[in-house]
Every structure is written in structure tokens, then in C-alpha cells.
Amino acid sequence: MPAPDGAPTMLRDGDPAGPPLVLLHGVTGGPRMWRDVVPLLRSEFDVVAPAALGHHGGRPAGRRPARIADVVDDAERLLDELGFDRPHLAGNSMGGWVALELARRGRAASVCALSPAGCWEPHARDHRRATRPLRRAVLMARLGRPGLPFTARWAPVRRLSLVDTAAHGERVSPRLLVGLADDLLGCTVTDDILTSDERLEHLDPLPCPVTIAWSERDRILPLRLHGAHARELFPDAEFTVLPDVGHVPMLDDPALVAETIRTATRAGRAGRAGR
């Protein structure tokens, strides 16, 4: 489903009668980040991957600066529009943060948070460090976008372009890399989100089964810092490490991500079956 400028507002595939699964992307991203994961889950779920508020293809932010709370409000509004009461949620980075906040509101059957953002102490330096690669990516995209359809043909260019978000950027197709650059440049709330002072709060007991899956080679939210704090924030969550993938693991290993999400939903599906 494209927006007027050609950006996808939503990817949707799968069995309409199956349990709903909503995939939430990270800051400056878009639905196409899930492009290679959706087909791997369509046989079991009604899969929806929407564009976030203020992002390429998403609804414009109603107030500025936009905050994570606004992104969560918009995601909850979308659940209402889709008729999803408590779908399974999976999200990466900002999307993982949004999924966890939706769970806090009682809107999730299960959550799979992939390297969720927001796992930092108040005014922590690791929060500021996390924004630097994203700002660098914006600058690189602005400078390189005109020639990207040509230069993206080379694996070293794809690897360099995604050095902060993927462990194996060369695996991304040239076409997808161009789309990711367009999503990044089309995000209108980048500065708003990156300068927000919000953070995830302690969640205990958990309102639904929660899996925190951290990328082993995450350069934006390193496992040793942010992963450790996530364990403190969500002590009852299932915690796992995804081997040999970067901050956006869908780009490195879609099959691993799909299986991680599938496993995370099982407790939620079992709980519903038992009611």
C-alpha cells in the first residue's frame, strides 16, 4: 500500500483468519525493513508492518517536537483501526520500544523486542552515543543518494553504507538499499526522536510474554551496555542473543528473525488457547 510519494504505508500478507502479528520498525526506517521477514511468517499469521508516525509513508506528526509517546499513540490508533485488540507485536529498536509500551497499555498478546531502544539511564552518555551513528547515516544518505542507484551495485558500497546497522550489509540488495535511504531521508521526526529525553521504565510483572532479543554485533545499542540494562528493566522477560547480526537484524538474517519472532509468540498463543 503506497503513499502518494511511493513510500509504503504498510506491508500486509498472510492468513486473515490467523493470529495478528504487527511488525514495528526503528527510527528513520519503514515497512520495507521487514520485506524479507514477512514472507517467512505469512503462513501462520495475519502479518502487518506499518509505517510509524512521522516516518516515510506514515501519518504526519500532529505536534512538534514529536515524542515516543506520540508514536505509541499512533500505533495504538492503528491497532484500533485494524480491529486488533491484543495482537502479537515484534519491533526493532524504536519499534521494540513502542511494542513494549503497547504491552504496558494491555495491547499485546506477546512481544518480541529486537534490540529495543530506550534501555538507558536518565541523561546517560550511552544514549547520546547511540544517536551519533544515526546522524552520520543521515549525512551519508544526503550526500550519496543521487548516485546510489549506480553505486549500490557494489557489495563494498552496501557494506559501508550499512556499517552501523548491519553486520553483513553486502547481503542487502541494491534496490533495498536505495529504499532504505529514501525512508531515512523521508523521516520528518528524526531530530525530535533522537533528542527526546524519554526512556523505558521498569515493567514488572510483565503484562504478557516478552522476549528481548539482542543483536550480538549491535554497534548502535551495544549488548554489554543496553542489553544489560534491559535485563534490569524486564527481569521476567526471556532474554536471548542473536548471533552474527547487527542492530537491524532483519537485514542480516531474515530467517533468524522470523524464527525468533515465531518462538516468542508461542507462549502468547498457548495462553490464549487455554482460555
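Residues: numbered from 1 along the sequence shown.
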(message) So D182 and V178, do their side chains get closer than 4.5 Å, heavy atoms only?
(response) yes

(message) Assess the residue pair V38 and L23 against the criterion (side chain to side chain contact (heavy atoms under 4.5 Å, CB included)); give the C-alpha distance rounded to whole Å, side-chain angles, the decisive distance to 0.1 Å, and a yes or no.
(response) CA-CA 9 Å; V38 170; L23 307 177; 3.9 Å; yes

(message) Quick check: is L177 connected to V248 through a chain of hydrophobic side chains (ILVMFWY, heavy atoms under 4.5 Å apart)?
(response) yes

(message) Among residues at least two apart in sequence or on other chains, which ones pass side chain to side chain contact (heavy atoms under 4.5 Å, CB included) with V163?
(response) R219

(request) Please check if the side chain of T211 supplies one atom and the backbone of C112 the other of a donor-acceptor pair under 3.5 Å. (result) no

(message) Just to verify, what does D204 make a side chain to side chain donor-acceptor pair (under 3.5 Å) with, not counting sequence neighbours?
(response) none

(request) Rounded to the nearest 0.5 Å, what's the gap from CG on D46 to CG on D13? Could you check? (result) 9.0 Å

(request) State the CG-CG distance between L53 and L78, to the nearest 0.5 angstrom. (result) 11.5 Å

(message) Show, in sequence, the C-alpha distance, side-chain angles and deciding distance for W34 and V47, and conclude whether the side chain to side chain contact (heavy atoms under 4.5 Å, CB included) test is met.
(response) CA-CA 10 Å; W34 299 100; V47 188; over 6 Å; no

(request) Would you check if C187 and V189 make a side-chain contact, meaning some heavy-atom pair closer than 4.5 Å? (result) yes

(request) Nearest 0.5 Å please: distance from the CG atom of D253 over to the OG atom of S215. (result) 10.5 Å

(message) Please give me the minimum heavy-atom distance between L221 and A117, naming the atom from each residue.
(response) CD1-CA, 3.7 Å

(request) Report the residues that fulfil side chain to side chain contact (heavy atoms under 4.5 Å, CB included) with A113, sequence neighbours left out, ordered by chain and then residue number. (result) L100, V111, P116, I212

(message) Looking at F84, is its backbone amide N or carbonyl O close enough to the side chain of R107 to form a donor-acceptor pair, meaning the two atoms are under 3.5 Å apart?
(response) yes

(request) Would you check if the side chain of N92 reaches a backbone N or O of G26 as a donor-acceptor pair within less than 3.5 Å? (result) no

(message) Could you walk me through whether D183 and R32 satisfy the side chain to side chain contact (heavy atoms under 4.5 Å, CB included) test, starting with their C-alpha distance in whole Å, then the side-chain angles of each, then the deciding distance to 0.1 Å, before giving a yes or no?
(response) CA-CA 9 Å; D183 287 343; R32 75 182 98 223; 2.7 Å; yes

(request) Test side chain to side chain contact (heavy atoms under 4.5 Å, CB included) on L203 and R104 and set out the steps. (result) CA-CA 8 Å; L203 189 56; R104 194 189 302 272; 3.6 Å; yes

(request) Can you see which heavy atom on A75 is nearest to which on V98, and at what distance? (result) CB-CG1, 3.9 Å

(message) Are V241 and I220 connected into the same hydrophobic cluster when the rule is that any two of I, L, V, M, F, W, Y join if their side-chain heavy atoms are below 4.5 Å apart?
(response) yes

(request) Sequence neighbours left out, what pairs pass ring pair (Phe, Tyr, Trp, His ring centres under 6.0 Å) with at least one residue falling in residues 147-193? (result) F150-W154

(request) Evaluate the criterion salt bridge (charged side-chain N to carboxylate O under 4.0 Å, His left out) for residue pair R266 and E259; output intermediate values, then yes/no. (result) CA-CA 11 Å; R266 284 179 187 144; E259 183 55 31; 3.6 Å; yes

(request) State plainly whether one hydrophobic cluster holds both M10 and V22, where clusters connect Ile, Leu, Val, Met, Phe, Trp and Tyr through side-chain heavy atoms under 4.5 angstrom apart. (result) yes

(request) May I ask you to test the D15-R42 pair for a side-chain heavy-atom distance under 4.5 Å? (result) no

(message) For R35, give me all partners under side chain to side chain contact (heavy atoms under 4.5 Å, CB included), at least two apart in sequence or on another chain.
(response) S173, L176

(request) Determine the minimum heavy-atom distance between A258 and L41, stating which atoms define it. (result) O-CD2, 3.6 Å

(request) Mark yes or no for whether R145, through its side chain, and A181, through its backbone, hold a donor-acceptor pair below 3.5 Å. (result) no

(message) Between L79 and V210, is there shared hydrophobic-cluster membership here, with clusters defined by ILVMFWY side-chain heavy atoms closer than 4.5 Å?
(response) yes

(message) Which residues pass the side chain to side chain donor-acceptor pair (under 3.5 Å) test with D218, not counting sequence neighbours?
(response) S115, H247

(message) Checking the side chain of T265 only, and the main-chain atoms of R262 only, is there a donor and an acceptor separated by less than 3.5 Å?
(response) yes

(message) Taking ring-ring contact (aromatic ring centres under 6.0 Å, His included) as the definition, give me every residue that meets it alongside W97, ordered by chain and number, with sequence neighbours left out.
(response) W120

(request) Please name all residues satisfying side chain to side chain donor-acceptor pair (under 3.5 Å) with R158, sequence neighbours left out, ordered by chain then number. (result) none

(request) Can you see which heavy atom on A108 is nearest to which on C208, and at what distance? (result) O-CB, 3.5 Å

(message) For C119 versus L200, what's the shortest heavy-atom pair and its separation?
(response) SG-CD1, 3.8 Å

(request) Would you check, one step at a time, whether the test salt bridge (charged side-chain N to carboxylate O under 4.0 Å, His left out) holds for R217 with D252? (result) CA-CA 11 Å; R217 298 178 61 183; D252 284 316; over 6 Å; no

(request) Write out all pairs satisfying salt bridge (charged side-chain N to carboxylate O under 4.0 Å, His left out) with one or both partners inside residues 52-65, taking only residues at least two apart or from two chains. (result) R59-D74, R59-E81, R63-D70, R64-D192

(message) If you compare all heavy atoms of E216 against all heavy atoms of D244, which two are closest, and at what distance to 0.1 Å?
(response) OE1-N, 2.7 Å

(message) Out of the candidates D197, I193, V72, only one should pair with R67 under the side chain to side chain contact (heavy atoms under 4.5 Å, CB included) rule; please name it.
(response) D197

In residues 228-238, what donor-acceptor pairs under 3.5 Å come from side-chain atoms, sequence neighbours left out?
| unit_1 | atom_1 | unit_2 | atom_2 | d |
| --- | --- | --- | --- | --- |
| H229 | ND1 | E232 | OE1 | 3.1 |

(request) Only counting residues at least two apart or in another chain, list the ones meeting ring-ring contact (aromatic ring centres under 6.0 Å, His included) with H25. (result) H55

(message) Which residue is it: L114, L223, L242? I am looking for the one with a side chain to side chain contact (heavy atoms under 4.5 Å, CB included) to W214.
(response) L223

(request) Rounded to the nearest 0.5 Å, what's the gap from NE2 on H56 to OG1 on T28? Could you check? (result) 12.0 Å

(request) Kindly compute the distance separating CZ (R86) from CG (L102), expressed to the nearest 0.5 Å. (result) 12.0 Å

(request) Quick one: pull up CZ in R171 and CG in L162 and give me the separation to the nearest 0.5 Å. (result) 12.5 Å

(request) For atom CZ of R105, decide whether the heavy atoms of other residues, nucleotides or ligands shown that lie under 6.0 angstrom number more than 12. (result) yes

(request) Indicate yes or no for a side-chain donor-acceptor contact from E198 to the backbone of I68 under 3.5 Å, with no hydrogens or angles considered. (result) yes

(message) Checking one residue: L40. Which other hydrophobic residues are in its cluster under the side-chain 4.5 Å linking rule?
(response) none

